Amino acid sequence: MSRSFRVLVSAVLAAAPVSLLGATPLPADLAAEVNPFIGTTNAGNVYPGPSVPFGMVAFSPEMTPLPGKRFPIAAPGGYEWRSNGVRGFSLTHVNGTGCTGASGDIPIMPVTLPVELSPSSVDAGMRYASLLDHGKEMARPGSYEVTLDNGVAVGLGATARTATGRFSFPADKPANLLFRTSDSEVGSSDSRIVIDPATRTVRGSVTSGNFCGYLAEDRRESYYTLHFVAEFDQPFEVGGTWQDETLQAGAREGGGGTTYGSKGHPPAGKGAGGWISFDATRSPVVTARIGISYVDEAGARANLRRENPAGTPLETVQAATRAHWNRTLGQVRIGGGSADERTVFYTALYHALLAPNLFSDGDGRYRGMDGKVHTVAKGQGAQYANYSGWDVYRSQLQLVTLLKPDVGSDIAQSLLNQADQNGGVWDRWTHLSGATGVMNGDPSPPSVAAIHAFGGRAFDLKRAYASLKQAATVPTVHDLGRRGCPVLCVGQRPGLDQWMKLKYMPVGAPGWGMASDTLEMAAADFGLAELAMAAGDREGASLFRERSGWWRNLFNPDATAQGGYIQPRNADGSWPAFDPASDEEFVEGSGAQYLWMVPFDPAGLVEVLGGREATVQRLDAFFRKPDGSWAVTKSGPLHAELDNEPSIAAPWLYNFLGQPWKTQETVRQAMRQIWTNAPEGMPGNDDLGQMSSWYVWSALGLYPVYPGRAELVIGSPLFPEAVIQRPGATITIKARGAAMDAPYVQALSVDGRPSERSWLPASFVQRGGVLEFDLGAQKNERWGSSEVPPSHGPR
């Protein structure tokens with residue numbers, strides 16, 4: 001055991017924390033509580049391989065598609081529990097994406113048979129893949145181990161910008177390592193490989209992009225190049241290269257891409273790469289250290305030297321990353337609960353802190369959206385990429401910034417930098433150096449406002465606000481056009497001219513789902529009003545707060561016999577036929593589900609719905625079937641779907657109706673029914689940690705309902721104790737009687753004083769404090785019934 005490895009292990013195991021309430025002592029190795037396989041089936045689209053928090057590298061398997069699958073990948077995260085084949089181990093992944101994936105760059109595959117047919121050949125089929133037995137597989141934060149059916153034992157580790165792979169070959173079989181350089185998850189337009197046995201190095205690049213490109217013919221484009229340098233600890237011989245169907249044994253250089261085909265996916269028979277061969281009788285165990293960079297090859301080399309120098313054992317890399325995760329997970333320490341409950345919680349926290357991802361090299365350089373090389377701004381620690389705005393503005397960025405205000409600040413500055421390099425456009429879904437345009441609305445204002453509200457202040461607030469204000473008030477040629485629409489619209493605010501003219505988004509405007517676009521634009525303007533106040537623009541704050549109320553222009557009190565709905569509306573003011581069970585003019589949800597998506601102005605929603613009692617009845621029917629049974633997921637379009645973003649704030653609205661006990665039981669039911677310690681135990685796409693962040697907040701008994709503000713609505717804690725450490729403040733949560741079947745708040749004290757409020761002011765997040773709950777199995781209809789949270793509609 002090396003000295004560095006011993007030091008790292010000692011640091012991890014030192015000083016087990018003491019339980020606050022005398023419960024079971026909290027484990028020092030919180031990484032052991034995480035199960036990275038949660039969410040690897042049932043469309044969770046997460047990956048089990050190692051990555052540091054917010055890491056550039058995520059070294060994880062690329063599996064073969066399930067039989068009959070429509071797309072040529074196993075899952076958008078590369079890994080699908082129900083599949084049984086591995087085609088490589090890729091250096092990059094994005095957590096919980098939708099569409100058909102993203103990244104998955106440079107799959108590396110150990111094979112134990114001669115390479116006599118191009119791996120990209122149609123005839124090769126699954127020749128160079130290997131079966132996987134879950135009984136021979138292990139994953140924990142920082143490490144992944146598997147013994148493949150071909151006899152190769154694989155061990156993976158990762159630093160922020162480098163990967164380590166150890167491949168133990170059988171001594172009696174050929175030992176080859178394939179670099180499928182062109183085979184990113186959604187294909188590539190080009191790749192290069194150079195094999196240099198004299199320096200034991202393989203280097204190259206892949207140029208790719210195409211996120212969700214199959215949905216729009218005019219967006220099937222490459223927008224990033226990843227460079228890699230792999231150094232080996234054992235000598236090897238040149239195997240050769242291939243392109244498409246052609247194999248060139250002995251070739252040291254090669255290249256080519258898969259193309260994106262005629263349907264936005266790489267076609268069969270296209271691709272390129274190369275392979276190297278080892279003498280397994282002399283050196284059966286081979287270790288590769290791999291640096292990557294989105295700038296250039298020199299950056300990849302420098303990252304490798306800086307983070308993973310020659311001679312660094314795999315175990316040292318794995319232990320260092322595990323220690324990193326223990327420090328990060330240790331910012332939220334829980335006590336009590338069952339083993340499964342702790343695992344689900346810490347796995348959710350783990351997934352919530354995987355993205356956004358580092359994009360700048362160790363020297364601060366990064367490739368901008370303009371294709372030029374930039375250096376991080378003054379005071380900025382790093383540039384981040386992979387921002388799924390439509391998802392993460394709801395609660396993930398709040399959690400990240402609560403725990404790590406410096407990272408939150410860097411994310412805000414990164415978004416501003418991207419906009420500067422993208423003609424002033426703040427894109428909704430950025431993938432590396434690409435503006436993909438995916439989803440709808442304008443999530444950047446509430447995202448940046450949330451970061452600021454939760455303590456991320458080290459970014460250029462005034463310039464960010466000025467840029468966002470310009471984008472919200474001056475339509476661009478992109479806003480007026482339809483390129484990429486409906487799903488990948490290029491404009492930041494498609495149809496902005498009609499939003500400002502009509503004060504709603506009419507049917508037929510550019511965008512995706514005009515009714516949901518209206519609600520998203522209202523939320524965007526609410527967030528922009530908060531930024532205006534922070535930047536000292538009171539006039540702007542008043543303007544955007546007023547605009548946040550324009551959702552009312554789509555409320556039709558006579559929508560159906562069951563009552564009013566927020567529904568699509570024509571430009572002439574007329575109402576087209578409407579079915580609340582339909583998703584027509586809505587995005588990933590029905591009219592019934594979107595009715596409740598006004599989280600900043602619940603009082604206004606109650607008003608248009610006819611008052612408190614009428615609203616309670618409708619909300620009850622949203623979460624319950626006619627027979628009284630729960631309807632929190634998979635119960636049809638007239639009911640809640642708490643496995644996706646449009647519904648996830650709705651349970652917290654009971655607090656605004658003076659019935660917080662219904663929030664408590666509804667949230668707990670969703671936690672019980674949807675989240676489990678199993679591969680299928682995640683509700684659909686994790687969406688770069690957004691859905692996992694919902695679970696973390698819910699288990700803590702708190703939720704950031706308002707898009708861009710830091711007040712917290714109170715639910716009920718799942719665990720008897722939790723301590724949240726953030727720079728300069730500590731939040732302590734004690735919950736006597738906490739259990740999965742005891743969600744009801746009987747009493748609450750805040751900093752030692754009894755409280756009947758079902759919410760916490762923004763100041764609590766900044767200064768910290770102590771919450772002491774008494775929980776029980778019986779509802780308490782009195783607590784929180786009179787002091788409801790504030791609404792922030794137009795004044």
Side-chain angles (χ1 to χ4, degrees), residues 389-391 393-394 428 437-443 446 472 479 482 485-489 491-527 547-602 604-605 607-609 615 618-619 622 636-641 644-650 653 707 793:
W390 185 86
D391 308 291
Y393 85 80
R394 302 167 199 266
R428 287 176 290 281
V438 172
M439 302 309 295
N440 68 324
D442 181 14
D479 296 328
R482 295 180 182 271
C485 292
V487 185
L488 296 88
C489 295
Q492 179 174 337
R493 290 196 174 212
L496 175 61
D497 58 325
Q498 298 188 56
W499 172 248
M500 294 193 297
K501 176 183 176 181
L502 299 175
K503 302 184 180 181
Y504 62 90
M505 294 298 294
V507 174
W512 181 22
M514 292 306 104
S516 54
D517 271 12
T518 295
L519 292 172
E520 293 289 356
M521 292 284 250
D525 283 342
F526 180 82
R547 284 173 40 162
S548 75
W550 290 355
W551 62 269
R552 290 173 179 250
N553 296 323
L554 284 195
F555 184 81
N556 181 0
D558 303 315
T560 70
Q562 290 74 39
Y565 279 94
I566 294 168
Q567 70 161 88
R569 192 172 191 178
N570 296 318
D572 63 7
S574 62
W575 303 100
F578 172 67
D579 177 2
S582 171
D583 63 359
E584 185 72 21
E585 297 297 342
F586 293 94
V587 173
E588 296 189 7
S590 66
Q593 290 160 354
Y594 267 92
L595 172 63
W596 307 103
M597 213 189 82
V598 193
F600 50 88
D601 189 15
L605 183 61
E607 178 186 345
V608 300
L609 288 176
T615 305
R618 293 190 63 175
L619 197 56
F622 186 57
L638 293 177
H639 295 290
E641 189 52 86
N644 203 17
E645 282 77 6
S647 291
I648 58 177
L653 297 183

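Note that the structure is predicted; figures quoted are calculated from it, not measured.
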Distance in Å, [X] [atom1] paired with [Y] [atom2], rounded so as to fall on 0.5 Å steps:
| X | Y | atom1 | atom2 | value |
| --- | --- | --- | --- | --- |
| Met597 | Glu645 | CE | CD | 10.5 Å |
| Met521 | Leu496 | CE | CG | 5.5 Å |
| Ser582 | Gln567 | OG | CD | 11.0 Å |
| Ser647 | Gln593 | OG | CD | 4.5 Å |

Can you find a pair of side-chain heavy atoms, one from [X] and one from [Y], that are under 4.5 Å apart?
| X | Y | value |
| --- | --- | --- |
| Tyr565 | Thr560 | yes |
| Glu588 | Trp390 | yes |
| Tyr393 | Glu520 | yes |
| Leu502 | Trp550 | no |
| Leu595 | Leu605 | yes |
| Asp601 | Trp551 | yes |
| Leu638 | Pro580 | yes |
| Asp583 | Tyr594 | no |

Is the closest side-chain donor-acceptor distance between Trp499 and Asp525 under 3.5 Å?
yes

Looking only at heavy atoms, what is the nearest atom pair of [X] and [Y], with distance?
| X | Y | value |
| --- | --- | --- |
| Leu554 | Ala515 | CD1-CA, 3.7 Å |
| Pro576 | Pro568 | CD-O, 3.4 Å |
| Met505 | Pro510 | CE-O, 4.0 Å |
| Arg428 | Pro443 | CG-CD, 3.4 Å |
| Ser574 | Arg569 | O-CG, 3.4 Å |
| Pro506 | Gln498 | CG-OE1, 3.0 Å |

Is it the case that the side chain of [X] and the backbone of [Y] share a donor-acceptor pair, with hydrogens and angles ignored and the cut-off at 3.5 Å?
| X | Y | answer |
| --- | --- | --- |
| Tyr504 | Arg552 | no |
| Asp479 | Arg493 | yes |
| Ser590 | Ala581 | no |

Test side-chain contact (heavy atoms from CB on, under 4.5 Å), reference Ile566, set Asn553, Leu519, Asn556, output is Leu519

Plane angle bin for Phe526 and Phe600 - parallel if under 30°, tilted between 30 and 60°, otherwise perpendicular:
parallel

For Arg618 and Trp596, what are the C-alpha separation, side-chain angles and deciding distance, and is it a side-chain contact (heavy atoms from CB on, under 4.5 Å)?
CA-CA 10 Å; Arg618 293 190 63 175; Trp596 307 103; 4.0 Å; yes

